[in-house]
Amino acid sequence: MEKEIIYYYTANNECPYKEWHDTLDKSIRFRIDRRIEKLETGLYGDHKRLQKSELSELRMDFGKGYRIYYYDLENTVILFIAGSDKSNQKKVIQQANDYFEDYLERNVR
């Protein structure tokens, strides 16, 4: 099943995921982008639902242990919210949850 990736933008039109992605080394971005291509075809790979959250994470076991925090909006749409590595994971998960609440308030409710 084909999936469409959309990105969360703050009220100030900033995209936390893309800002994080742009800070990564080119070779790491390449590997992450290949993973996203698989996700677009419906192949999630290593992923799990976060505890005490509506979000899930794609887990990548290379480099620093990169993560992408997302939400399945529908059968065909995945909302990318933020990314991190293991070193700042807790902080980014908390921020991703705040971003998700903002998304819901501005787009769904």
Side-chain angles (χ1 to χ4, degrees):
M1 174 183 287
E2 291 292 313
K3 301 277 186 176
E4 177 187 358
I5 306 296
I6 62 172
Y7 298 90
Y8 164 78
Y9 283 85
T10 67
N12 296 330
N13 205 34
E14 296 172 350
C15 181
Y17 172 81
K18 289 182 180 181
E19 290 174 6
W20 168 76
H21 184 269
D22 289 347
T23 68
L24 300 172
D25 179 82
K26 185 177 180 178
S27 64
I28 297 297
R29 284 195 315 261
F30 178 81
R31 291 183 76 175
I32 290 173
D33 291 346
R34 296 301 72 79
R35 176 71 185 275
I36 292 168
E37 288 174 3
K38 290 180 181 180
L39 180 64
E40 289 174 320
T41 66
L43 300 172
Y44 282 74
D46 188 4
H47 71 285
K48 73 172 191 170
R49 178 102 184 246
L50 298 174
Q51 293 181 2
K52 302 177 186 175
S53 176
E54 295 184 53
L55 302 178
S56 298
E57 69 178 353
L58 290 178
R59 303 185 301 186
M60 290 157 268
D61 63 354
F62 56 84
K64 297 179 180 179
Y66 297 99
R67 306 291 192 256
I68 298 173
Y69 305 101
Y70 70 94
Y71 182 77
D72 277 303
L73 289 169
E74 302 171 4
N75 289 336
T76 59
V77 178
I78 298 171
L79 174 70
F80 274 20
I81 298 174
S84 76
D85 59 48
K86 293 295 284 181
S87 69
N88 62 352
Q89 185 176 18
K90 288 183 181 183
K91 177 183 172 187
V92 175
I93 288 172
Q94 183 177 1
Q95 185 66 59
N97 281 311
D98 293 342
Y99 288 150
F100 182 61
E101 287 299 317
D102 175 62
Y103 174 84
L104 292 176
E105 286 178 15
R106 291 189 295 125
N107 295 284
V108 178
R109 295 182 183 156

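Owing to the predicted nature of the structure, the values given are computational and were not obtained by experimental measurement. Computed over heavy atoms, backbone and side chain alike; hydrogens, waters and symmetry mates excluded.
Both Tyr71 and Val92 are part of a single hydrophobic cluster, where members link through side-chain heavy atoms under 4.5 Å apart. Residues Ile68 and Leu55 fall into different hydrophobic clusters, defined by Ile, Leu, Val, Met, Phe, Trp and Tyr side chains chained together at heavy-atom separations under 4.5 Å. By the rule that hydrophobic residues join a cluster once side-chain heavy atoms approach within less than 4.5 Å of another member, Leu73 and Tyr44 end up as members of separate clusters. Both Ile32 and Leu39 belong to a single network of hydrophobic side chains, linked directly or stepwise wherever heavy atoms of I, L, V, M, F, W or Y lie under 4.5 Å apart.
Taking the six-membered ring for Trp and thresholds of 30 and 60 degrees, Tyr103 and Tyr8 have ring planes more than 60 degrees apart, a perpendicular arrangement.
Judged as a salt bridge (charged side-chain N to carboxylate O under 4.0 Å, His left out), not a single pair has a partner in residues 87-98 (not counting sequence neighbours).
Formation of a donor-acceptor pair under 3.5 Å by the Ser53 side chain with backbone atoms of Leu50 is not found in this model.
From Lys48, atom NZ reaches atom OG of Ser56 across 10.0 Å, with rounding to the nearest 0.5 Å. Ile93 CD1 to Gln51 CD: the interatomic distance, rounded to the nearest 0.5 Å, is 9.5 Å.
Counting heavy atoms of neighbouring residues, nucleotides and ligands inside a 6.0 Å radius, atom CD of Gln94 does not exceed 12 of them. Crowding of Phe30 atom CZ: a count of heavy atoms from other residues, nucleotides or ligands under 6.0 Å not exceeding 12.
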**Study point:** Worked verdict on Asp85 versus Arg67 for side-chain contact (heavy atoms from CB on, under 4.5 Å)
**Key:** CA-CA 6 Å; Asp85 59 48; Arg67 306 291 192 256; over 6 Å; no
Exercise for review: Might you work through the side-chain contact (heavy atoms from CB on, under 4.5 Å) test for Met60 and Arg31, ending with a clear yes or no?
Suggested key: CA-CA 9 Å; Met60 290 157 268; Arg31 291 183 76 175; over 6 Å; no
Review point. Does the pair Lys18 and Asp22 meet the rule for a salt bridge (Lys or Arg N to Asp or Glu O under 4.0 Å), with working shown?
Key: CA-CA 6 Å; Lys18 289 182 180 181; Asp22 289 347; over 6 Å; no
Exercise for review: Would you check, one step at a time, whether the test side-chain contact (heavy atoms from CB on, under 4.5 Å) holds for Glu57 with Gln89?
Suggested key: CA-CA 11 Å; Glu57 69 178 353; Gln89 185 176 18; 3.1 Å; yes
Review point. Taking it one step at a time, do Glu40 and Lys3 satisfy salt bridge (Lys or Arg N to Asp or Glu O under 4.0 Å)?
Key: CA-CA 5 Å; Glu40 289 174 320; Lys3 301 277 186 176; over 6 Å; no
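Applying the salt bridge (Lys or Arg N to Asp or Glu O under 4.0 Å) test to Asp46 and every residue at least two apart in sequence or in another chain returns Arg59. By the salt bridge (Lys or Arg N to Asp or Glu O under 4.0 Å) test, Glu37 pairs with Arg34, sequence neighbours left out.
Remark: the Asn12 side chain and the Thr10 side chain contain no N/O donor-acceptor pair separated by less than 3.5 Å. In this model, a donor atom of one side chain and an acceptor atom of the other lie less than 3.5 Å apart for Ser84 and Tyr69.
Contact of the Asn97 side chain with the Ile81 side chain is not registered, since no non-hydrogen atoms from C-beta on lie closer than 4.5 Å.
In this structure, Thr23 and Glu19 approach most closely via the heavy-atom pair CG2-O, 3.2 Å. Here the closest non-hydrogen pair linking Arg35 and His47 is NH2-N, 4.5 Å. Shortest non-hydrogen contact noted between Tyr66 and Phe62 is CD1-O, 3.5 Å. In terms of heavy atoms, Ile78 sits closest to Tyr70 at CG2-CD1, 3.6 Å. Here the closest non-hydrogen pair linking Leu79 and Tyr7 is CD1-C, 3.7 Å. For the residue pair Tyr9 and Cys15, the shortest heavy atom distance occurs at CE2-CB, 3.4 Å.
Asp25 has no carboxylate O lying under 4.0 Å from a charged side-chain N of Arg29, or vice versa, which leaves the two without a salt bridge.
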